[in-house]
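Contents: one structure, followed by commentary.
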Amino acid sequence: MDTNTGGNGLKRLRERAGLTQQQLSSQTGISRSLISQWENGVISVSLSTKKRMADFLGVAVEVLDDAAPTPEPVCAPIQPSDSLPPRVAMSEAARQEMDELTRQYAALNDKLEQMLGRLTQEELDRLHKSAQSLLEAVETEGVFRQVKSFQQTKTTASREALTRALGRLLGEHE
């Protein structure tokens with residue numbers, strides 16, 4: 001498991017910005033629990049979460065990993081209200097629904113990261129292998145469907161679709 005969780009860099013940046021864990025959570029959509037566990041080195045977070053946090057704090061991802069000195073942010077962190085251009089008008093109900101979906105997504109993402117953070121490398125490798133096998137099965141099913149379509153219609157388009165599907169299955173690039 002990765003022992004460098006980037007917690008020290010995150011905590012230093014959060015404190016320098018004068019934010020509590022709860023305030024940082026509210027402004028980034030990353031749960032306070034995940035931030036706390038990250039800062040305390042309990043878990044390692046995904047690169048996408050690190051990028052989201054680094055973008056908010058106006059620093060490079062490497063700064064969160066303690067691999068680079070902590071520079072002053074180049075610009076102010078992006079505020080949630082800045083995420084949509086001003087020309088996009090949303091009803092209050094739509095905005096509330098969007099906010100709720102964003103919170104639900106963030107909570108699910110945090111739970112997934114916590115779960116993956118507890119897996120051993122061997123478990124992660126098995127999960128990756130299972131995902132590859134599932135992808136191959138889906139691609140194989142796609143080829144079977146293309147064969148059936150070709151057998152039924154025998155058109156140039158169905159032949160080309162079958163050829164593309166076989167190429168993908170065999171790992172050839174179009």
Side-chain angles (χ1 to χ4, degrees), residues 1-139 141:
M1 180 179 277
D2 182 15
T3 58
N4 185 3
T5 63
N8 292 334
L10 174 61
K11 184 174 184 177
R12 187 173 48 250
L13 289 166
R14 177 182 59 77
E15 289 175 344
R16 189 174 74 193
L19 297 171
T20 65
Q21 289 178 348
Q22 185 59 50
Q23 290 168 327
L24 186 59
S25 172
S26 297
Q27 293 183 27
T28 62
I30 300 170
S31 78
R32 192 209 54 78
S33 172
L34 182 78
I35 292 171
S36 174
Q37 291 177 5
W38 182 3
E39 285 185 356
N40 290 311
V42 175
I43 62 168
S44 181
V45 297
S46 70
L47 181 59
S48 64
T49 297
K50 287 180 182 180
K51 285 181 180 178
R52 186 167 38 153
M53 186 64 73
D55 287 346
F56 175 79
L57 293 169
V59 297
V61 171
E62 294 79 22
V63 174
L64 293 174
D65 289 334
D66 292 328
T70 307
E72 290 298 320
V74 177
C75 59
I78 297 171
Q79 299 299 318
S81 60
D82 297 336
S83 62
L84 292 175
R87 68 181 180 276
V88 176
M90 294 178 83
S91 70
E92 184 58 30
R95 185 171 299 283
Q96 287 175 352
E97 185 174 347
M98 181 184 231
D99 289 345
E100 179 58 27
L101 289 172
T102 301
R103 281 190 290 277
Q104 289 175 6
Y105 170 79
L108 288 172
N109 191 45
D110 293 347
K111 286 179 183 178
L112 178 61
E113 286 178 346
Q114 290 171 6
M115 181 186 77
L116 291 175
R118 289 191 285 263
L119 295 177
T120 64
Q121 187 59 48
E122 182 181 326
E123 291 168 326
L124 288 171
D125 291 343
R126 282 196 313 252
L127 185 61
H128 185 258
K129 187 175 180 180
S130 294
Q132 286 177 321
S133 296
L134 180 59
L135 179 59
E136 289 172 8
V138 168
E139 289 174 350
E141 176 63 24

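Heads up: numbering here begins at 1 and tracks the sequence. Owing to the predicted nature of the structure, the values given are computational and were not obtained by experimental measurement.
- To the nearest 0.5 Å, atom CD1 of residue Ile30 and atom NZ of residue Lys50 are 12.0 Å apart.
- Considering CG of Leu13 and NZ of Lys11, their distance stands at 13.0 Å, rounded to 0.5 Å.
- For the atom pair CG (Leu34) and CG (Leu24), the distance works out to 10.5 Å, reported to the nearest 0.5 Å.
- Within the 4.5 Å cutoff, no side-chain heavy atoms of Asp125 are placed close to those of Lys129.
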Q) Should Met53 and Thr49 be marked as a side chain to side chain contact (heavy atoms under 4.5 Å, CB included) after you check the CA-CA gap, both sets of side-chain angles, and the distance that decides it? A) CA-CA 6 Å; Met53 186 64 73; Thr49 297; 5.5 Å; no
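- Side-chain contact between Leu57 and Leu10 is present, with at least one heavy-atom pair separated by less than 4.5 Å.
- To the nearest 0.5 Å, atom CD of residue Gln21 and atom CD1 of residue Ile35 are 6.5 Å apart.
- Not a single side chain to side chain donor-acceptor pair (under 3.5 Å) links Glu97 to another residue, sequence neighbours left out.
- Closest of all the heavy-atom pairs between Gly29 and Ala106 is O-CB, 2.5 Å.
- At distances below 3.5 Å, at least one donor-acceptor pair connects side-chain atoms of Ser130 with backbone N or O atoms of Arg126.
- Across all non-hydrogen atoms, the minimal contact from Arg52 to Asn109 is NH2-ND2, 3.7 Å.
- Donor-acceptor pairing under 3.5 Å is lacking for the side chains of Ser31 and Ser33.
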Q. Do Glu100 and Gln104 pass the side chain to side chain donor-acceptor pair (under 3.5 Å) test, and can you show the C-alpha distance, the side-chain angles, and the key distance before you say yes or no?
A. CA-CA 6 Å; Glu100 179 58 27; Gln104 289 175 6; 3.0 Å; yes
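- Taking each heavy atom of Arg14 and Leu19 in turn, the nearest pair found is NH1-O, 2.9 Å.
- Once rounded to the nearest 0.5 Å, the distance linking CZ of Arg32 with CD of Gln37 reads 9.0 Å.
- Panel note: side chain Ser26, backbone Gln22; a donor-acceptor pair is recorded below 3.5 Å.
- Residues Gly18 and Gln23 share a closest heavy-atom pair of O-OE1, 3.7 Å.
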